[in-house]
Amino acid sequence: GLVDERRQDGRVLYTFSHALIQEAAYGLMLRATRRKYHERIAEVIEEDYPQEAQRRPELLAYHYQEAGNKTKAIQFWISASTLASQTSAAAEAMSHISHANDVLDSIPESTEKDSLELQVRMAEGTVRRNAEGFVSAEVKRVSERAVELSEKLGSAEMLFWSLMGLRLIHNVSGDSAATLEIDEKLLAMAEQSGDETLLAAARVNLATTFRFLSRYEESLELAMLALDIEPEKVDVLRELLGWDHHIVGYNNVAFCLWHLGRGDEARRYVALGLDRAKDLSHGFALSAALLFLGVQLNHFLRDESAVAEHNRSLSSVANTHGYTIWSLQATMFDALVTAYTNHPDANQAADVCAEMIRIKRGMGDQLANGYFYGVAAEAYLRNGNTAGARAVLQDGLDWLKTPYDEMWAPELYRLDGELAVQEGDQLTARTCFETAIASAKRLNSLALELRAAVSLGKLTLKGGGPPADDISK
């Protein structure tokens, strides 16, 4: 027959016996009739099968688009994109955004279109950040358009969130002045609104900027205040921009505590952040937690097994979801992991790490490059490759001319001293260690100061010059 009958979950289902029969029957319908059926199908799924609607929003988007219900179609394409960003490949999420843009193009200019476009641009910004990195030309275009639309529509709340998207670009580009300017504007907007969600988000932003400016005490205070809110009240940050508020907050607290010499307390916030990330079905948030808390913080804390374990997880999640920037940074840390285990490919891995830094910079991502030069240098030094270490450290020391990356200066000076030790130049090593200590003191990083002091102490014990003055201080 033309139609087959079958039972599933207590229901009777009917399907065409062949796809060509279905296609022919569809083609015989008048356009108005088709639209009516598409609308009815979408309504039935949305109203009677809400779980199916949540699981497959792209199905409703398709039916509403074919029905000519453009507003609903765009809203469900955005939902499909958001779901794909969290649980699937970035390419699929971008495909859904493309469908939303197609529908948007067919709508005449109006305030309603501007409102729909703003929703699309916010979602598109998140998808493109995941796939292309934080500072691609398209991410910048979409973010600037979202701010423009928010201002045009007079929506203070959407202006707040769209400015946060623009802030990410300045932050990752290494423009500390522009980042700080937006942060202060966001804080003023939040305080004026009296909205606790906006206030928490503004505080966690400013805490992040203060941390990169080595203002650790101020950053810690703001981050703790930002965390004093129920997680569900700030889910909007994850929905609109892909970041989880509490993971960012735990990250700021842990980093600051470590720099302030409170490593044991930092471990507690590392665990809190990783536990939260595992509880969320959100690949981007999990990748961020694995990188910043699982890998970087444990690298600071000298927990080599934890670095290796979390970097494997990061690489798996990032590659599965198509997160370019997280995958690139996981590749960088492969250099350290192979060096930890004395793997025969360790020098090759360090070469790859150095190349990844060049790629990262070429993408316009200037954030924490000084730190990653240190990662590559440490890998080379562990392998006894002084030539490789010298080349990458020279790049790193040149990079210190960038003000926003100054926080990593003490470690690069210290590693330069360790390189001088391997090269047998104890006088230069001592100068480097003393420079590292002075730099760490100026930047208020007790942890980096202690690290450099230990290196200087070891050199002194080996006979590398006169006793260090007041190392314990």
Side-chain angles (χ1 to χ4, degrees), residues 74-75 77-79 81-83 85-86 93 97 100-101 104 111-130 132 134-136 138-173 175 178-209 222-223 225-227 229-249 252 280 282 284-285 288:
I74 287 175
Q75 290 170 346
W77 281 127
I78 290 173
S79 295
S81 171
T82 300
L83 183 63
S85 292
Q86 297 171 2
I97 287 293
N101 278 321
L104 193 64
T111 300
E112 180 186 6
K113 180 177 181 177
D114 289 339
S115 179
L116 289 169
E117 185 186 354
L118 176 56
Q119 296 174 49
V120 174
R121 297 295 159 253
M122 291 296 292
E124 184 176 357
T126 296
V127 171
R128 289 193 180 278
R129 278 189 290 272
N130 292 353
E132 303 168 7
F134 294 94
V135 290
S136 74
E138 282 300 298
V139 169
K140 184 177 181 182
R141 178 188 66 80
V142 167
S143 300
E144 289 176 344
R145 178 60 176 162
V147 172
E148 179 186 341
L149 287 165
S150 298
E151 291 175 336
K152 182 179 179 181
L153 291 165
S155 173
E157 183 176 355
M158 289 309 296
L159 178 60
F160 181 93
W161 296 117
S162 59
L163 280 171
M164 278 191 65
L166 191 61
R167 174 204 175 276
L168 280 172
I169 296 172
H170 292 305
N171 182 43
V172 176
S173 299
D175 190 341
T179 306
L180 186 58
E181 181 180 350
I182 293 179
D183 284 341
E184 291 173 342
K185 181 176 182 178
L186 290 172
L187 185 60
M189 291 172 66
E191 288 174 341
Q192 184 176 5
S193 73
D195 187 307
E196 63 176 329
T197 297
L198 301 187
L199 188 57
R203 283 170 171 167
V204 86
N205 280 342
L206 192 54
T208 301
T209 301
L222 274 171
L225 284 172
L227 287 169
I229 187 172
E230 293 85 349
E232 59 272 12
K233 291 185 177 180
V234 279
D235 280 348
V236 63
L237 177 61
R238 192 169 63 252
E239 293 165 3
L240 290 177
L241 296 171
W243 291 94
D244 180 77
H245 175 87
H246 278 71
I247 290 175
V248 176
N252 280 327
L280 297 172
H282 197 284
F284 190 84

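For this chain, numbers begin at 1 and follow the sequence in order. Keep in mind that what you see is a predicted model, and the values were worked out from it rather than measured.
Here the CD1 atom belonging to I247 is positioned 11.0 Å from the CG atom belonging to L227, to the nearest 0.5 angstrom. Here the OG1 atom belonging to T111 is positioned 11.0 Å from the CG atom belonging to L116, to the nearest 0.5 angstrom. R167 CZ to T208 OG1: the interatomic distance, rounded to the nearest 0.5 Å, is 5.5 Å. Summarising the geometry, atom CG belonging to D183 is positioned 8.5 Å from atom CG belonging to L187; distances are rounded to the nearest 0.5 Å. Interatomic distance, M122 CE to L149 CG, rounded to the nearest 0.5 Å: 11.0 Å. Atoms CD and CD, on E138 and E132 in that order, are 6.5 Å from each other to the nearest 0.5 Å.
Of the charged side-chain nitrogens involved, at least one lies within less than 4.0 Å of a carboxylate oxygen, so that R121 and E117 count as a salt-bridged pair.
In this structure a side-chain-to-backbone donor-acceptor pair under 3.5 Å is missing from S81 to W77. Between the side chain of S173 and the backbone N or O of D175, no donor-acceptor pair lies under 3.5 Å. At least one donor-acceptor pair under 3.5 Å links the side chain of H245 to the backbone N or O of A226.
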Working for side chain to side chain contact (heavy atoms under 4.5 Å, CB included), residues I78 and E124 = CA-CA 9 Å; I78 290 173; E124 184 176 357; over 6 Å; no
key: Verdict with supporting geometry, S162 and S150, side-chain hydrogen bond (donor to acceptor under 3.5 Å, both in side chains)   = CA-CA 7 Å; S162 59; S150 298; 3.2 Å; yes
request  = Would you please test V139 and V135 for side chain to side chain contact (heavy atoms under 4.5 Å, CB included) and show each step?
outcome  = CA-CA 6 Å; V139 169; V135 290; over 6 Å; no
query = Could you walk me through whether N205 and M164 pass the side chain to side chain contact (heavy atoms under 4.5 Å, CB included) check?
reply = CA-CA 8 Å; N205 280 342; M164 278 191 65; 3.4 Å; yes
key: Pair N171-T179, side-chain hydrogen bond (donor to acceptor under 3.5 Å, both in side chains): steps then yes or no   = CA-CA 6 Å; N171 182 43; T179 306; 4.6 Å; no
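Proximity of R129 to T126: side-chain heavy atoms (C-beta onward) are separated by under 4.5 Å at one or more points. Counting only heavy atoms from C-beta outward, the side chains of H246 and V234 approach each other to under 4.5 Å. The shortest side-chain heavy-atom distance between L159 and L163 falls under the 4.5 Å cut-off. Side-chain atoms of L225 and V204, non-hydrogen and from C-beta on, never get closer than 4.5 Å to each other. Under the 4.5 Å side-chain criterion, counting only non-hydrogen atoms from C-beta, K152 is in contact with D114. Residues L153 and M158 are not in side-chain contact: their nearest non-hydrogen atoms beyond the backbone lie 4.5 Å or more apart. Looking at heavy atoms from C-beta onward, L186 lies in side-chain contact with I182 at the 4.5 angstrom threshold. In this structure the side chain of E184 reaches within 4.5 angstrom of the side chain of L180, judged on heavy atoms.
Using the six-membered ring where Trp is involved, F134 and F284 have ring planes that are perpendicular, over 60° apart on the 30 and 60° scheme.
Taking both residues in full, the closest heavy atoms of G125 and V142 are given as N-CG1, 3.6 Å, listed atom of the first, atom of the second, then distance. The two residues G165 and L241 have their closest heavy-atom pair at CA-CD2, 3.9 Å. Nearest approach of A223 to G249, heavy atoms of both residues: CB-O, 4.2 Å. Closest heavy-atom contact between F160 and L198: CZ-O, 3.3 Å.
At most 12 heavy atoms of other shown residues, nucleotides or ligands fall within 6.0 angstrom of atom CD in E181. The local environment of CD in E232 is crowded, with over 12 non-hydrogen atoms from other residues, nucleotides or ligands closer than 6.0 Å. Atom NZ of K140 sits in a sparse spot, with 12 or fewer heavy atoms from other residues, nucleotides or ligands closer than 6.0 Å.
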